[in-house]
Structures are given as structure tokens and as C-alpha cells.
Amino acid sequence: MLQQTPVARVLPVHEQWLDRWPTPADLAAEPTGEAVRMWGRLGYPRRALRLHAAAQAIVERHGGEVPDDHAALLALPGVGEYTAAAVASFAFGQRHVVLDTNVRRVLARTVGGVELPAQHVTKAERETARELLPDDEATAATWSVAVMELGALVCTAARPRCTECPVASLCAWRAAGHPAYDGPPRKVQTWAGTDRQCRGRLLAVLRDADGPVHLSRLDAVWADDAQRVRSLAGLVEDGLAVRTDAGTYALP
DNA sequence: GAGTCGTGGAT
DNA sequence: TATCCAAGACT
């Protein structure tokens, strides 16, 4: 839930989610559409499908218990390098390079002397993080969560609180006079008129309906025929929607 | 490796 | 009001 999503927005959904499905087995027993519905407006709804699939995999491969092994975590749907490292570190106290957007920004500033990291994680970045990670397992786990919190609460993307920063004295970016970002132009996420917006509109109709909806109700929320048809097909392709025999659409 | 995939609070 | 961007994963 936290992937690319602010913590404050996740908290209420997370609470409802665990109230309804306390264990992986509880979630795994539900239709995937229920996961999509409970996901609400968190965004990137394919994550709901993957979380549901991960719950099933945990039941099938790990007896219903979340594995503590990094490789086993990484093999779960929706779990990438970051999430596997985060769970292994924060839940199980292990030593892994935890490289999320917060850590990347802290390292870019303190070590790299630049305001912001590159668009995507680089090999050099991962190497820097690996070298800085303390050797001791428990200390490494604490270090990882500490750097992450520093990035989330102090070394923020906009208006960093440098006067409150515990490592300001060793920060290369501060020493350089806080130079502004001057790398390649960062990709701006266009939104209005995109397939993403269209998909969001369509899925919202399915999510908010009690049962299958007629195509006319989907037609009503997006004017561009070609784009709407393409987006709906994409939702079906992704497993976020299903077409019934009667020609209606619903959550899977 | 670059594109794609939602949503909404903050500035 | 427009832009930024947030505990990334997958193709």
C-alpha cells in the first residue's frame, strides 16, 4: 500500500483492511474483486491484485506465514527489491540495503551533494548504500529505518528542515550551499486526458457499484470512444475487470 | 532502460 | 491554478 503512496493516505485503508482480513489466509479466500474494492482510491489498483496474489502465494508456499527470507519475499507478487528489503529489515531485523525514495534523497544530498537523486535507481547508488550500511545485523536494520525516517520527516523533497537535521554538519549538499537540481529534466506525470485517468474513472464506476454494470454507465464517464474502449480492454487485460456473458462489466 | 500504471494533499 | 511527488513494480 505504501508503494508510491503517502503514509497518511494509507493508514485508514490499512486499518480497515486488517480489520477485515487479519491474516493472509483471510485475504486469499476472497475474490480478487473484493481486494480491489477495499483498495478504494489508494491508486495503482494493480497493487491490490498483487497483494491478493501474494496472500495466496503465502498460503500455498509458506503455510500462511509471511516468510522472513529475502529471496522468498522477492518472489511474491508485487514485492520488489525495496519491499523485500524493507520487510526483511523492519519486520525481521535483518541486514539489507533499503533503498526507497526517502533514503535515495538523503544519500543524494549528504553523500552526492545534489538536491535530488536520478529518476531511477542506479547501480552506483545501490553501491553507495551498501557501503554505508553498518556490518552488524541489528544495527543495520536500525540504520535503515533511521535514514528512511530522516528522509520522510526532515530531509524532505520540498522545504527540507536542515536546521533540525542531525547530520547537517556532514551533508555535502549543505556544504555546497544547497545548489538547485540541475540534472536532466524530470519527467512530469501528465494526467488530464491520459489512459490512466480514463482507467481510474472506469474502475471507480465498477468499484462503487454493488454488482455488474451496463456498458452505458461506463460510456457515460469518458467521452473519447477509442480511448475508453482501449482503457476498458486494458482493465480486463490486467484482471481488474471482467466482462460477463450478458455484456455487463464487474470487478473480478 | 524507459514507459506505464492512480490519486490527492501540499505548495 | 498548475505543478510536484509520494515506503515502486513490472514489462
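Remember, it's a predicted structure, so these values are computed and weren't measured experimentally. By convention in this document, chain letters (A, B, ...) are assigned in the order of the sequence lines, proteins followed by strands, and residues within each chain are numbered from 1.
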task: Answer with yes or no whether the hydrophobic clustering places Val147(A) together with Val154(A); edges join I, L, V, M, F, W, Y residues whose side-chain heavy atoms lie under 4.5 Å apart.
output: yes
- prompt: If you find the nucleotide of DNA chain B closest to Val121(A) and the one closest to Leu42(A), which residue's nucleotide is nearer the 5' end?
  reply: Val121(A)
Inter-nucleotide P distance (dA7(C), dT11(B)), Å rounded: 14 Å
query: Which pair of non-hydrogen atoms, one from Ala84(A) and one from Leu73(A), has the smallest distance, and what is that distance?
result: O-CD1, 3.7 Å
task: For Val79(A), report the nucleic acid contact type (base, sugar-phosphate, nothing); a contact means any heavy atom under 4.0 Å.
output: sugar-phosphate
- prompt: Mapping Arg50(A) and Leu2(A) to their closest nucleotides on DNA chain C, which lands nearer the 5' end?
  reply: Leu2(A)
- request: Round to a whole Å and report the spacing from CG of Leu11(A) to P of dG9(B).
  value: 14 Å
message: Under 4.0 Å, heavy atoms only, any strand: does Arg105(A) hit a base, just the sugar-phosphate, or nothing?
response: sugar-phosphate
query: With a 4.0 Å cut-off on heavy atoms, is Thr101(A) in touch with a base, just the backbone sugar-phosphate, or nothing at all?
result: sugar-phosphate
- prompt: Can you tell me how far C1' in dC5(B) sits from the matching atom in dC5(C), rounded to whole Å?
  reply: 15 Å
message: Applying a 4.0 Å non-hydrogen cut-off, can you work out what Ala157(A) is touching in the nucleic acid: base, sugar-phosphate, or nothing?
response: sugar-phosphate
message: Just the rounded figure in Å: distance from C1' of dG8(C) to CZ of Arg196(A).
response: 12 Å
- prompt: Between dC5(B) atom P and Asp238(A) atom CG, what is the distance in whole Å?
  reply: 9 Å
field: Residue mapping more 5' on DNA chain B - nearest nucleotide basis, Arg159(A) or Gly200(A)
entry: Gly200(A)
- request: Grab the CE-P distance between Met1(A) and dG8(C) for me, whole Å please.
  value: 15 Å
message: When you measure only distances, ignoring hydrogens and angles, does the side chain of Thr5(A) come within 3.5 Å of the base of dG6(B) through a donor and an acceptor?
response: yes
- prompt: Under 3.5 Å, is there a donor-acceptor pair between the side chain of Asp208(A) and the main chain of Val205(A)?
  reply: no
message: Please determine whether a side-chain nitrogen or oxygen atom of Arg9(A) lies at a distance below 4.0 Å from atom OP1 or OP2 of dA6(C).
response: no
query: Cut-off 3.5 Å, side chains only: do Asp195(A) and Gln227(A) have a donor facing an acceptor?
result: yes
Distance in angstrom units between Leu73(A) CG and dA7(C) P, rounded: 21 Å
query: Which is true for Gln119(A) with a 4.0 Å heavy-atom rule: it touches a base, it touches only sugar-phosphate, or it touches nothing?
result: nothing
query: Reckon Leu203(A) touches a base, only the sugar-phosphate, or nothing at all at heavy-atom distances under 4.0 Å?
result: nothing
task: Return the nearest nucleotide to the side chain of His120(A); candidates are dC5(C), dC5(B), dG3(B).
output: dG3(B)
- prompt: Would you say dA9(C) has OP1 or OP2 under 4.0 Å from some side-chain N or O of Thr83(A)?
  reply: yes
- prompt: Out of curiosity, does Leu49(A) fall in the hydrophobic cluster containing Leu232(A) (side-chain heavy atoms, cut-off under 4.5 Å, transitive links)?
  reply: yes
task: Send over the distance from Glu149(A) CD to dA7(C) P, rounded to a whole Å.
output: 10 Å
- prompt: Expressed in angstrom and rounded to an integer, what is the separation of Arg161(A) atom CZ from dA10(B) atom C1'?
  reply: 11 Å
- request: Using a cut-off of strictly less than 4.0 Å, decide whether Gln3(A) has a side-chain nitrogen or oxygen near OP1 or OP2 of dA7(C).
  value: no
query: For the side chain of Arg196(A) and the backbone of Ala192(A), is there at least one donor-acceptor N/O pair under 3.5 Å apart?
result: no
Residues 240-252 of chain A, side-chain donor-acceptor partners within the protein, below 3.5 Å, at least two apart:
from, atom 1, to, atom 2, distance (Å)
Arg243(A), NE, Tyr249(A), OH, 3.3
Thr244(A), OG1, Ala246(A), N, 3.3
Thr244(A), OG1, Thr248(A), N, 3.2
Thr244(A), OG1, Thr248(A), O, 3.3
Thr244(A), OG1, Thr248(A), OG1, 2.5

- request: Remember a base hit wins even if backbone is also touched, and classify Gly43(A) as base, sugar-phosphate or nothing at under 4.0 Å, heavy atoms.
  value: base
- request: Please measure how far the C1' atom in dG1(B) lies from the corresponding atom in dA9(C), and state the result in whole Å.
  value: 14 Å
- prompt: Are Gln4(A) and dG8(C) close enough that a side-chain N or O sits under 4.0 Å from OP1 or OP2?
  reply: yes
query: Quick one: Leu49(A) CG to dG6(B) P, roughly how many Å, whole number?
result: 10 Å
